[in-house]
Amino acid sequence: MPKRPRSPGRVRAARQSARVTVASATGFYTALYVLDRPVVAVYALFAPIALGILSPIPGGGRDRARTILFALPVAVALTALGTALAVTTASAVAGMLVIGFAISFASAYGPAAAGAVPGLLLFYVLACFPPYAPDTLPQRLGGLLAGVALLVLCELLLLPAPSVPPYRARIASALDLAAASALAFAQGHRHDPERARRLRAEGLALRLSQAPPASRPTGAGRTDRGLAQAGAATRRVLDQLARMSERPDSATAADPPSEALLRGVAAGCTATAGALRGARAVPGPEALEEMVAEFVAVRAQPSDAGLDTDAKASQRLLECRSDLLVTAASALTAQAAVAVAIGGRRDAAGLPPEQFWYAGPSEPRLLALRLTGNLTLRSVLFQNAVRTALGLGAARLVAGALELSHGFWVLLAVLTLGRTTAGATWSTVRSAAIGTLVGALAAGVLILGAGGTVQVYAVVLVPAMFVAFSVGPIAGPAWAQGLFTLVVAAAFSQLAPADWRLAETRLLDVLAGCTIGLVCGVLAWPAGAHAELRRGVAEVLRSAAPLVRVTASAVVCASGTSGAFRAPGDPASGDGAAEEALRLTRHRLRIAEGAYAQYRTEGGRDAVDSGPDWHLALNCASHAVIGSHWLPRQAYGPAPPDAVRWARESAARLATAMDRAAAFPPGGVQAAPVPLPHEVVSSAPAPVLPALVDIDTWLRTLAAELTGFGGSGPPPAAPDTGPRPTTTGAAAARADG
């Protein structure tokens, strides 16, 4: 029989277990048996466990070592604080509340910081328990430094984890495919379903959920924000090219202005991909921006040779050009975002500055904005930090009030077993309790059998650690707690004489920690992110409704433009109501996106289930934001009165549907804007007609997404006779997260 292939997850867990076991055992045995320093031994044992097992730090060996070194000063400070605040139970509990919240909330900075949070909390937990012994602080810090140094060496030298391909490499690969596809279009190779399939597959690979955690650009800095925006804009380029490839040849007849712009898009994508790989200098977006501006001017000219007397053919050509303009504007967004992310650019050239707001502020300012933006009860990050602080504070109070001999095990149980929902916490603690009971029985048998023979515990500790750290992360909390109970029994039996009551103490402490964690899970936001996701989506839809109204009005009421991306009615400049609608929608979209990300980690239902398609609702709000950026900049108004009435009526109908959808009616809503009347198309001046086509496309796209969100199935496809979405830049314009 063929051998079953080894699971990559099991291989990674075994290698990480080997690194942590070697680091912990080397420091522990050296400090205890060579230096005769039990305090040093304890910290040398737990430091690698805290940052190597308890902390899921992402990345390869070098990345993990770098993160551990960055976390070292914080670990030293927390150990010193814990040692000082252990003077009384009250001071230790107060410190636990403040530090528990601050360290947990710091996970908002990015995946590396979030991964290190549990381990950092353990350093304070370990130091804040009696006895109050400030004179041992040098030994504690010595053991901590030794354990961290050994772990860093093992991360770099002992079966180091392979490096993770950066997210920018995915963007570069996608841009290469986009460039090849755009060039094929320019050369006349238009209808190609196979090409469309490849484009969509490459676009899906740009989703952050498809990238390893270490490579996801989710940090608060300018580079991560720029790369996230570039990835979203690149995916929009791929999706739009895929739609164009699915059209029959008759729908994409030869058009010289379009072919010229397609070649410009191909050149821009190729140059940006080379910059992401470090093969060439980072290009600015000015060249492509100029080509887009020329294309916008050409399609608004009455004498355009591409428009003939056949009204349907002329409208079809306008729709195809609208598709191309969306594609080019998305490529322009990607190019500008890369220039900001890795080119050091501090402005957005001629693009809307609001879309690249992160280009100007300093890195500390961007971090402060990320943190202050989540200081709200509606933020899941804030809720998780409060829940963690309350659980750890309560555990420290119980351990101090009852004078538990190994009270830090109570806090360790709260730290490792707490979950974001009451249901998940109950499932976890139930398994952990069973595992701890079995582990305590095994530890009791070991202690009774070995008696006072320390050599037995010394021999058992290393294999017990390796098995616990390699099996526990894969097999679940029951195995993890049971095996770790055996580890702590073997370790502490070497530090002081032990009897079978050590296993009993471990069992009772873990059960106490489980109880505290479960109570906190029930009392503090027991539904986890689901309730916040529902509330966040409702609020973002309500704030997007007025944004749709003011954007449509800005497009049809424009009194003229002085450039391709400027309009007096632009929601991004000047008008107070429009600015407030845009600001509120962007802010609520960030909160809803954070809740959705947390919801997916809790095992939320997929979009194919009968419930709401949350991701589609977020896309709808994002597309409303994108349209508010770009549509007024492409308007050459003013439009005729009948066109103004149509746009306002259609936008008002869609805004009303958004308000209804925010109430989550059974079966969702059936949103449908007012179709663009034929008499409006036939009577509109040539410079205004493209803007009307764009606004019609935008409203119908929003309506389709809003209808699909309600759980009635996927959104209906846009008909071939209509223009395609003008959601330029896709999710790239999201300000944060």
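Quantities reported herein were computed from a predicted structural model and do not represent experimental measurements.
- Across Leu381 and Ser107, no two heavy atoms sit closer than the pair CD2-OG, 3.9 Å.
- With rounding to the nearest 0.5 angstrom, the OG1 atom of Thr79 is 9.0 Å from the CG atom of Leu122.
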Legend entry - Working for side-chain contact (heavy atoms from CB on, under 4.5 Å), residues Leu45 and Met465: CA-CA 11 Å; Leu45 173 71; Met465 280 197 297; 4.0 Å; yes

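- The minimum heavy-atom distance linking Arg222 with Tyr358 is given by the pair NE-O, 3.4 Å.
- The minimum heavy-atom distance linking Phe484 with Ala468 is given by the pair N-CB, 4.3 Å.
- Ring geometry for Phe46 versus Phe492: interplanar angle of 30 to 60°, hence tilted.
- Side chain of Arg15 to main chain of Leu159: no donor-acceptor pair is present (N/O by atom type, distance under 3.5 Å, no hydrogens or angles).
- Two residues are said to be in side-chain contact when any heavy atoms from C-beta on lie closer than 4.5 Å; Val117 and Thr388 fail this criterion.
- Looking at heavy atoms from C-beta onward, Gln494 lies in side-chain contact with Tyr29 at the 4.5 angstrom threshold.
- For Tyr33, the OH atom sits in a packed shell: over 12 heavy atoms of surrounding residues, nucleotides or ligands are nearer than 6.0 Å.
- Arg225 contributes a side-chain N or O that, together with a main-chain N or O of Ala220, makes up a donor-acceptor pair within less than 3.5 Å.
- Taking every heavy atom of both residues into account, Leu78 and Tyr124 meet most closely at O-CD1, 3.7 Å.
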Inset, instruction - Show your working on side-chain contact (heavy atoms from CB on, under 4.5 Å) between Leu375 and Phe105 and close with a plain yes or no. - result: CA-CA 9 Å; Leu375 280 175; Phe105 193 63; 3.9 Å; yes

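- Shortest non-hydrogen contact noted between Leu158 and Ala18 is CD2-O, 3.8 Å.
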Could you pull out all donor-acceptor pairs under 3.5 Å where a side-chain atom in residues 127-154 meets a protein atom, sequence neighbours excluded?
residue: Thr136; atom: OG1; partner: Ala133; partner atom: O; Å: 2.7
residue: Thr136; atom: OG1; partner: Arg140; partner atom: NE; Å: 3.3
residue: Arg140; atom: NH1; partner: Thr83; partner atom: OG1; Å: 2.8
residue: Arg140; atom: NH1; partner: Ala127; partner atom: O; Å: 3.2

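- Looking at Leu461 and Phe28, their side chains come closer than 4.5 Å, going by heavy atoms from C-beta outward.
- Side-chain contact between Phe469 and Ile49: present, with at least one pair of heavy atoms (C-beta onward) separated by less than 4.5 Å.
- At distances below 3.5 Å, not a single donor-acceptor pair connects side-chain atoms of Ser470 with backbone N or O atoms of Ala13.
- When all heavy atoms are compared, the tightest approach of Pro217 to Leu227 is CB-CB, 4.0 Å.
- Arg19 is linked by a salt bridge (charged side-chain N to carboxylate O under 4.0 Å, His left out) to Glu155, counting only residues two or more places apart in sequence or in another chain.
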Quick one: side chains of residues 87-104, donor-acceptor pairs under 3.5 Å with protein atoms, not counting sequence neighbours, listed by atom name and distance.
residue: Thr88; atom: OG1; partner: Ser91; partner atom: N; Å: 3.1
residue: Thr88; atom: OG1; partner: Ser91; partner atom: OG; Å: 2.9
residue: Ser91; atom: OG; partner: Leu85; partner atom: O; Å: 2.5
residue: Ser91; atom: OG; partner: Thr88; partner atom: N; Å: 3.3
residue: Ser91; atom: OG; partner: Thr88; partner atom: O; Å: 2.9
residue: Ser104; atom: OG; partner: Gly100; partner atom: O; Å: 2.7

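- For the atom pair CG of Leu486 and OH of Tyr457, the computed distance is 11.0 Å after rounding to the nearest 0.5 Å.
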